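Written out below as structure tokens is the structure these notes cover.
The sequence lines fix the lettering, A, B, ..., with proteins before strands; numbering per chain opens at 1. Note that the coordinates shown come from a computational prediction; the quantities given were computed from them, not determined experimentally. Computed from heavy atoms alone, side chains included, the values below leave out hydrogens, waters and symmetry copies.
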Protein chains: 2
Amino acid sequence: MEKTRKTTLSDVAALADVSPITVSRALRDPEKVSPDARARITLAIAQLGYVPNPAARALASGRTDVVGVIIPSVSNNVFADVMRGIYDGLQDSQLGVQLGTTRYAPSTEEQLVRVFLSQQPAGLIVAGHDQSPGARALLERADCPVVQIMEVGPQPIDLVVGLSHYQAARDGAQHLLDSGYRAPAFLGAQMDPRSQRRLAGFRDCLIAAGLGGDDPVVTTPEPSSVSLGCRLFADLIATRPQTDAVLCNNDDLALGVLFEAQRRNIRIPDRLGICGFNDHEMMSAAEPPLTSVATDRYEMGRAAILQIRDRLAGRGQPRGHAIDLGYRLVPRRSTARVTP
Amino acid sequence: MEKTRKTTLSDVAALADVSPITVSRALRDPEKVSPDARARITLAIAQLGYVPNPAARALASGRTDVVGVIIPSVSNNVFADVMRGIYDGLQDSQLGVQLGTTRYAPSTEEQLVRVFLSQQPAGLIVAGHDQSPGARALLERADCPVVQIMEVGPQPIDLVVGLSHYQAARDGAQHLLDSGYRAPAFLGAQMDPRSQRRLAGFRDCLIAAGLGGDDPVVTTPEPSSVSLGCRLFADLIATRPQTDAVLCNNDDLALGVLFEAQRRNIRIPDRLGICGFNDHEMMSAAEPPLTSVATDRYEMGRAAILQIRDRLAGRGQPRGHAIDLGYRLVPRRSTARVTP
DNA sequence: ATCATGGATGACAGCGCTGTCATTCGTCAA
DNA sequence: TTGACGAATGACAGCGCTGTCATCCATGAT
């Protein structure tokens, strides 16, 4: 296989009988080139199969068309939905994505921020607002739009798209109380900062309801899974048989609770209420359908990209702008207790 | 905020009192630099907070440290597992990932291949072996390692890590027959090429068993989901009430079938056997636990990256090398019929 | 002492593109 | 007719790094 030199701007320019600069302009800013020249250039590009070299462009212009995305994990389906939103938001743009995963380690996150920023990205999307001081300093100094997603909170670095996990979980807990449950518990895995705030919302709800003496919480740092939901629920009722409802940190756990309850012939919703978090598609399909606090992960990703695109187009929101996508409690049969 | 010029190799060189070339070498090939100089350079780098410019490196060397990954979708948890394997395989390497999603569209895939190749990646990972002729031609001409994942098949482009979906599904169907089911059906969504081959395996198994007269298959091009499993199963038993088992194209559908069967009080496994595909973690947690054909998506991603790393290190496998990760039938209660 | 050897280092040019001017030319108002 | 103006185009230099050679010097064999 012959090592054929790649065709360059100059090749195109020669064929189209213009200067390389004009070709460059025709590519980036077609308006600025006469229709005549533009046509010849387009033809030449097609004939030569020319593809621009992004490294050269990046070096010369100090910009790339890549948006860096830094999330804790790809195998968490919350982030899968976010990514889908990001890719959809990218449609009809020149932008690409570079993805990094932190595995929930702040030091890894900081390193990724450093690496990504060194590539002079068009924008950066990071999950959460619990960056290490170092990472935060880097991001504040970044000369590209930075979007913190997942969560709204104090002191945004630049742009924010998220929701209040505290409030969402607090409302979920309140829903359990409103449905007549008197001894709700919290089940949590992978207790990242957002999970911690959900837990705080749960606790405050109980305190506000005068049920604060106890702390019916079972958590683990393990990654979340359906099986883990089974195990945590088993632990929970072993130590607190009086529990009559569970607020789960996410839907996987809720599904595990459902299965474990079925195994033990615990009747849902009468003997046990179940509320998940996120409202993954499967929640409505389950038997009984499972109540959950719906979050719009897809829109979170999509909105983040659109914020960046707006900024790049010069009509973006100012630094500090936050979009609160909110949440929605979706009551289903799993908490529809007939007699309190 | 002052636009501070980034520190460059020359700045480091000046501080360390060596030439820029030596700094460059110290970074890429520390062995070739004297310990003395290396120490001064390391110190200077730390003092200046120097971070190399990957665009400049890419332009000068014609190489990048980025592996392109082209998959159909990120929200399919099969690919989420693959991605996790990829990121784990990347540990302790300089490599990064650029991810593109095709949305199951061959034209999008071809375009992504073109764009990614223009970035002169360190390697490329693509899902499946049903690339368009154009994409295939580009990949064959690529001067970087190319790994086709998910599936083993004829005429590999370069390297392959996968399994035979045909055989895996055929074994799944055979398991249903061996368990005493006489009228198994196939449920499929998002009928991509791999799903088609699974379906073919199912059909051939039935034919081989003398049950080929009929074609008990319900499929849809819609993306897979648990709810869709419910609906497809409802359709199935409406048109073919005699069905006594289902082989599902994936685990989401299987879970949907379970829920729908529960809703209709169809007893599992006696009245209905359920077999999924992939053996997602939730399958073992379900009640009853669900039989599935296990595939090692994680290892698929990991092995793909390791193949690329080996190649880059000069000790890789030759073109055409394929790794068949196989599959494993995991029988559980959902197909454990007591009386055939 | 002399020369070949190889490790360490450096000079030079250039990767392909774009920012910043400068230049050309046609058009229109005065 | 003239000058001013703006659209279209081009020349030049340089982004930060690396490939390819060339150079230097200590070492050990002769």
Judged by nearest nucleotide, the residue sitting upstream toward the 5' end of DNA chain D, A/Pro20 or A/Glu31, is A/Glu31
Candidates C/dG16, C/dA8, D/dT18 - which lies nearest the side chain of B/Ser34: C/dA8
Starting at CG of B/Asp29 and ending at C1' of C/dT9, how long is that distance when rounded to a whole Å? 14 Å
To the nearest Å, how far apart are A/Arg25 CZ and C/dT18 C1'? 10 Å
Can you check the B/Gln119 CD to C/dC15 P distance for me, whole Å? 20 Å
How many Å lie between CD1 on A/Ile21 and C1' on D/dG14, as a whole number? 12 Å
Can you tell me which nucleotide in D/dG10, D/dC17, C/dG16 comes closest to the side chain of B/Ala60? D/dC17
For B/Gln111, I'd like to know if atom CD has over 12 heavy atoms of other residues, nucleotides or ligands within 6.0 Å. no
Can you establish whether the number of heavy atoms outside B/Gln91 located under 6.0 Å from its atom CD is more than 12? yes
Can you tell me how far C1' of C/dG16 sits from CG of A/Leu27, to the nearest Å? 13 Å
Within a 6.0 Å radius of atom CD on B/Gln94, are there more than 12 heavy atoms belonging to other residues, nucleotides or ligands? no
Within this structure, what is the CG-to-C1' distance between A/Asp11 and C/dC17, rounded to whole angstrom? 13 Å
Selection from D/dT18, D/dC17, C/dG19 that lies nearest to any side-chain heavy atom of A/Arg28: C/dG19
Could you tell me whether A/Pro52 contacts a base, only the sugar-phosphate backbone, or nothing, with contacts defined as non-hydrogen atoms closer than 4.0 Å? sugar-phosphate
Minimum-distance nucleotide (side-chain atoms of A/Leu59 versus C/dC17, D/dC15, D/dT18): D/dC15
Assign A/Ala37 to base, sugar-phosphate, or nothing according to its heavy-atom contacts below 4.0 angstrom with the strands shown. sugar-phosphate
Please determine whether a side-chain nitrogen or oxygen atom of B/Ser24 lies at a distance below 4.0 Å from atom OP1 or OP2 of D/dC17. no
Per atom distances to the B/Asn53 side chain, the nearest of D/dG16, D/dT18, C/dG16 is D/dG16
Nearest to side-chain heavy atoms of A/Ser19, which nucleotide of C/dC15, D/dG10, C/dC17: D/dG10
What's the CG-P distance between B/Asp36 and C/dA8, to the nearest Å? 12 Å
Between B/Asn53 and B/Ala55 (side chain of the first, backbone of the second, donor and acceptor by atom type, cut-off under 3.5 Å), is there such a pair? yes
Give a yes/no on whether any side-chain N or O of B/Ser61 is located under 4.0 angstrom from OP1 or OP2 of D/dC17. no
For B/Asp36, is there an ion pair with B/Arg40 - N to carboxylate O distance below 4.0 angstrom? yes
What is the distance, rounded to the nearest whole Å, between atom NZ of A/Lys32 and atom P of C/dT18? 15 Å
Does a nitrogen or oxygen in the side chain of B/Thr22 sit under 4.0 Å from OP1 or OP2 of C/dG10? yes
